[in-house]
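What follows is one structure encoded as structure tokens, with my remarks underneath.
Chain identifiers are assigned alphabetically (A, B, ...) following the order of the sequence lines, protein sequences preceding nucleic acid strands; residue numbering begins at 1 within each chain.
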Amino acid sequence: NAGVTQTPKFRVLKTGQSMTLLCAQDMNHEYMYWYRQDPGMGLRLIHYSVGEGTTAKGEVPDGYNVSRLKKQNFLLGLESAAPSQTSVYFCASSSLVEGSRTEAFFGQGTRLTVV
Amino acid sequence: RKEVEQDPGPFNVPEGATVAFNCTYSNSASQSFFWYRQDCRKEPKLLMSVYSSGNEDGRFTAQLNRASQYISLLIRDSKLSDSATYLCVVNGWAGTALIFGKGTTLSVSS
């Protein structure tokens, strides 16, 4: 049982380049999330999805786009990378049981450096 | 007011000490509450859920006060291995997302 898998785990981009981070979960969870974590800032929500074909903005959505074409996958895109997007990116998924959200399971993170 | 607020610490305690972390949340409609643990450069992992009646898991006790919108985590008999960052997490109704506090850093020394 893989849980939540993120690819790639490390990446170095040049300013202006684009890339897509992939998150895959095999737990049939409805909800998926993308966060970024920077020193002293905690986990900040970028975008999230409450189901296949739906996405919503989080706290820091600018410069990112997302898609959830399949329930098990949640993609995070950077169209034109900037040094300010250097961060550790975490994907997570969770479910809904009797009106309450279950715990979230996290991927191992993607360490992105933009130079 | 931030949605979830925590004292960032750091808390530096000796082995065997009891330490308490506090967290406040702003959305009175929140329904689910958790404490997560994060080790350096690793992904967050669930420590325990927080229930209205309070709950205990070994040396860890979590409390929820809905009226005050306050969550706490008590760690008894601290171990060196408890050194980590502890994250308070609050969920809302369906359609809203997981909201994390910035975390409280604990360092346990021998």
Linking I/L/V/M/F/W/Y whenever their side-chain heavy atoms sit closer than 4.5 Å, directly or via other members, would Tyr48(A) and Ile46(A) fall into one cluster? no
Tyr51(B) atom OH: more than 12 heavy-atom contacts under 6.0 Å: no
Transitive ILVMFWY side-chain link Val50(A) to Trp34(A), under 4.5 Å: no
Would you compute the distance between atom CZ of Phe90(A) and atom NZ of Lys42(B) and round it to the nearest 0.5 angstrom? 10.0 Å
Tell me, side chain or backbone of Gln38(B) under 4.5 Å from chain A's heavy atoms, or both, or neither? side chain
Output the residues of residues 78-85 of chain A for which the shortest heavy-atom distance to chain B is under 4.5 Å, in residue-number order; output 'none' if no such residue exists. none
Measure distances from Gln37(A) to the heavy atoms of chain B and classify the residue's part below 4.5 Å as side chain, backbone, both or neither. side chain
Measuring from Lys45(B):NZ to Glu103(A):CD, what's the distance to the nearest 0.5 Å? 11.5 Å
Proximal to chain B - members of residues 104-115 of chain A, heavy-atom separation under 4.5 Å: Ala104(A), Phe106(A), Gly107(A), Gln108(A), Arg111(A)
Does Val66(A) share a hydrophobic cluster with Tyr33(A), counting links as ILVMFWY side-chain heavy atoms below 4.5 Å and allowing steps through other members? no
Any chain of hydrophobic side-chain contacts (each under 4.5 Å) joining Val4(A) to Met32(A)? no
Given a strict heavy-atom distance threshold of 4.5 Å, which part of Leu43(A) is in contact with chain B: side chain, backbone, both, or neither? both
If you link ILVMFWY side chains whenever their heavy atoms are less than 4.5 Å apart, which other residues fall into the same cluster as Leu75(A)? By chain and number, please. Leu22(A)
Any side-chain heavy atom of Leu98(B) within less than 4.5 Å of one from Tyr35(A)? yes
Taking atom CG of Leu46(B) and atom OG of Ser94(A), what is their separation to the nearest 0.5 Å? 11.5 Å
State plainly whether one hydrophobic cluster holds both Tyr31(A) and Leu45(A), where clusters connect Ile, Leu, Val, Met, Phe, Trp and Tyr through side-chain heavy atoms under 4.5 angstrom apart. yes
What are the residues of residues 12-21 of chain B, in order of number, with any heavy atom under 4.5 angstrom from a heavy atom of chain A? none
